[in-house]
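Just so it is clear, the structure is predicted and the values come from calculations on it, not from any experiment.
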Amino acid sequence: MLLSIILRGFIVGLLASMPPGPVGVLCIQRTLSKNQRSGMASGLGAATADVVYALIAFFSLAFILEFIARNSLIITSVGGLIVVGLGVKVLFSNPVIQIRRNRAGKTNLWHDFLTVFLVTIANPVYIFFFIILFAVFGLNTGSVGLWQSSFMIIGVFLGGAAWWFLLSFLVNLFRKKFRPRHMLWINRISAVIIILFGLAAIFSEFLNFRIDGLL
């Protein structure tokens with residue numbers, strides 16, 4: 001029974017991490033421009049934020065869901081601005097300088113972790129994604145006790161961590177094949193994609209707000 005709950009939590013965490021988005025792009029970009037540890041630290045930031053949202057979704061904390069619903073415009077806009085800011089930072093970063101810092105052991109893994117944690121935690125739509133996944137896999141407070149739910153949440157974290165480890169590992173296999181000029185273009189393309197994700201989040205929220213105001 002316990003193993004089944006952990007496994008279902010693992011699958012939920014894995015599926016929640018797989019959809020493409022700014023976090024995936026950042027993980028790939030950092031693995032290529034820095035190293036696998038940086039990509040993995042970024043992924044763990046996302047997995048940790050997923051645990052927070054999984055807890056809210058599983059226990060259906062109504063007051064938090066209500067707060068998010070009332071302030072979705074502000075929360076999503078701030079999250080979008082954070083994503084845009086990260087994209088701009090990546091755009092103007094020099095991969096050659098970063099490579100030299102890596103060789104000197106100056107990679108800041110805590111920075112990589114925290115920035116992606118903030119990007120993920122600023123996107124409350126993940127809560128509703130977890131609600132759907134928990135329903136699909138039959139995970140709720142009626143079927144899973146409090147003690148068992150802690151193992152389920154651990155499974156969610158392990159599932160997310162497994163995905164980010166796999167992604168950073170696979171990307172790292174090809175890292176040495178890229179020259180500095182290739183890395184520069186990868187940075188630019190990654191930055192543009194990240195910025196577009198951030199702008200899309202902001203404009204979609206404003207569009208919904210405008211439509212709701214007209215109805």
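Taking OG1 from Thr120 and OH from Tyr53, the interatomic distance works out to 8.5 Å, rounded to the nearest 0.5 Å. Distance check, rounded to the nearest 0.5 Å: CG of Leu32 to OG of Ser38 gives 10.5 Å. Taking CE from Met18 and CG from Leu167, the interatomic distance works out to 10.0 Å, rounded to the nearest 0.5 Å. In this structure, Trp110 CH2 and Leu114 CG are separated by 7.0 Å, a value rounded to the nearest 0.5 Å. One distance of note links CG of Leu55 with CG of Asp50; it measures 11.0 Å at 0.5 Å rounding.
Side-chain atoms of Ile6 and Met152, non-hydrogen and from C-beta on, never get closer than 4.5 Å to each other.
Residues satisfying the side-chain contact (heavy atoms from CB on, under 4.5 Å) criterion with Val192, sequence neighbours excluded, are Leu196. With sequence neighbours left out, Leu170 forms a side-chain contact (heavy atoms from CB on, under 4.5 Å) with Leu166, Leu173. Residues passing the side chain to side chain donor-acceptor pair (under 3.5 Å) test with Thr48: none are found, sequence neighbours excluded. The side-chain contact (heavy atoms from CB on, under 4.5 Å) test applied to Leu199 returns Val84, Ile195, Phe203, not counting sequence neighbours. Taking the side-chain contact (heavy atoms from CB on, under 4.5 Å) definition, one finds that Ile11 meets it with Leu7, Leu15, Phe137, sequence neighbours left out.
Ring planes of Phe113 and Phe117: parallel class, angle under 30° (limits at 30 and 60°).
Shortest non-hydrogen contact noted between Cys27 and Gly39 is SG-O, 3.3 Å. Taking each heavy atom of Asp112 and Ala41 in turn, the nearest pair found is CB-CB, 4.3 Å. Considering all non-hydrogen atoms of both residues, Phe130 and Ala57 come closest at CB-CB, 3.6 Å.
Under the 3.5 Å distance criterion, with hydrogens and angles disregarded, a donor-acceptor pair is assigned to the side chains of Thr115 and Arg30. Asn172 and Thr31 form no side-chain donor-acceptor contact under 3.5 Å, judged by distance and modelled atom types alone.
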Atom pairs and distances, side-chain donor-acceptor, residues 153-164, under 3.5 Å, sequence neighbours left out:
{"unit_1": "Trp163", "atom_1": "NE1", "unit_2": "Ser17", "atom_2": "O", "d": "3.3"}
{"unit_1": "Trp164", "atom_1": "NE1", "unit_2": "Gly43", "atom_2": "O", "d": "3.4"}

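Applying the salt bridge (Lys or Arg N to Asp or Glu O under 4.0 Å) test to pairs two or more places apart or on separate chains, none has a residue in residues 116-131.
Judged purely by atom type and a 3.5 angstrom limit, Ser168 uses its side chain to pair as donor or acceptor with the backbone of Phe165.
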